[in-house]
There are 2 protein chains.
Amino acid sequence: MKITRNTVAKTAVLEIFGNSTTALSHTEIQKQLNEVCDRVTTYRILDRLIQDDIIHKIVDLDGTVKYAKCRHEHRVHIHNHAHFSCENCHEITCLENVKPSYLIPHSYKVKDINFTLSGLCPKCSS
Amino acid sequence: MKITRNTVAKTAVLEIFGNSTTALSHTEIQKQLNEVCDRVTTYRILDRLIQDDIIHKIVDLDGTVKYAKCRHEHRVHIHNHAHFSCENCHEITCLENVKPSYLIPHSYKVKDINFTLSGLCPKCSS
DNA sequence: TATTAATTGCAACTTTGTTGCGTTATATAA
DNA sequence: TTATATAACGCAACAAAGTTGCAATTAATA
């Protein structure tokens, strides 16, 4: 596997994620980067961060693609946590502790689950 | 609300859905339509069918948008059923009977849930 | 400090979806 | 059956999101 280098742009992207509690879209990141690097470079940085398991990709119910930091508190990193998508402020937050239980026919070999809840987040419902 | 008319193109789209057990993308539908109508018209037909609650829109884990027939067996139509996305053949099927149970803090007002399982479908796992 | 390969910017392109507008066709009433 | 109002259509143009190739730059390490 290729070695990934630390560059100015990558550091800037990581800082943006460090300052955010919610998932961010490429466009939002690009705006915050404020000319630090090209649009294409940001896409490539995001790809690398995903490969390195530093962030993960989330597709919102409306198809919007966002990225969020991975939390590695537990030894094994679980990507299968739930996400909450606020229909008012459109913020996506990871619900690390919400895990659904379900029943499905044995003929389906389930490898991954994606569980996204939508409605109003704590901020928007009060 | 506007009255929707039955047109040649709409009928053709409905027939395509009738012949399919899985969800279809705009591109797949367009190919099957075989010059029956313009790309834009297909988008508009799909919009109308969604409004009329005849089909529903599904966003796959990778962001691919697909459409599937709504089943109205039960009096009340439930959009919140689970979907299965096969990582091999990329088909999406509705799992009408799979319903997850979960626990989430009261501060979140949940209105809708999206539950997508991925892995191998019965066809691809045998 | 020199070297190697990862990273970048830029231009060009693709895919997916949307909008405006003049024309066509459907449903309904005469 | 024919007239008519308007839903639906095709086409052109546009926009957003993402990808690719390539030459130039820069980070890691020898």
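A note on names: the letters A, B, ... follow the listed sequences, proteins ahead of strands, and every chain is numbered from 1. These figures come from a predicted structure and were not determined experimentally.
- Summarising the geometry of B:V59 relative to A:V59, their closest heavy-atom pair is CG1-CG1, 3.4 Å, with the distance given to 0.1 Å.
- Between the CG atom of A:D52 and the P atom of C:dA6 there is a distance of 13 Å, rounded to whole Å.
- Results of the side chain to side chain contact (heavy atoms under 4.5 Å, CB included) test with B:S107 over A:C121, A:S125, A:P122 single out A:P122 as the only residue that passes.
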request  = Sugar-phosphate means primed atoms, P, OP1 and OP2; the rest is base. With that split, encode nucleotides 14-21 of chain D 5' to 3' as B, S or - using protein heavy atoms under 4.0 Å.
outcome  = ---SBBBB
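- The CG-P distance, from A:L33 to C:dG9, rounds to 10 Å in whole Å.
- Legend: salt bridge (charged side-chain N to carboxylate O under 4.0 Å, His left out) pairs involving residues 114-126 of chain B, not counting sequence neighbours, sorted by first then second residue: B:E91-B:K123.
- Within the 4.0 Å cut-off from OP1 or OP2 of C:dG9, at least one side-chain nitrogen or oxygen of A:T41 is found.
- A donor-acceptor contact under 3.5 angstrom links the side chains of A:S85 and A:D60, judged on distance only.
- For the pair A:E35 CD and C:dT8 P, the interatomic distance rounds to 16 Å; values are reported in whole Å.
- Between B:R48 atom CZ and C:dA27 atom C1' the separation is 14 Å, expressed in whole Å.
- The separation between B:I45 atom CD1 and C:dT26 atom C1' is 14 Å, rounded to whole Å.
- No continuous path of hydrophobic side-chain contacts links B:I92 to B:L95 [ILVMFWY only; heavy atoms under 4.5 Å].
- Follow the hydrophobic side-chain contacts under 4.5 Å out from B:L120 and you never reach A:I104; the two are in separate clusters.
- Side-chain N/O atoms of B:T22 and B:T93 include no donor and acceptor closer than 3.5 Å.
- Checking side-chain atoms of B:H26 against main-chain N and O of B:R39 turns up a donor-acceptor pair under 3.5 Å.
- Rounded to an integer number of Å, the gap from B:D38 CG to C:dA25 P is 15 Å.
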query = If the sugar-phosphate is the primed atoms plus P, OP1 and OP2 and the base is the rest, what is the B/S/- string for nucleotides 23-30 of chain D, using protein heavy atoms under 4.0 Å?
reply = ---BBS--
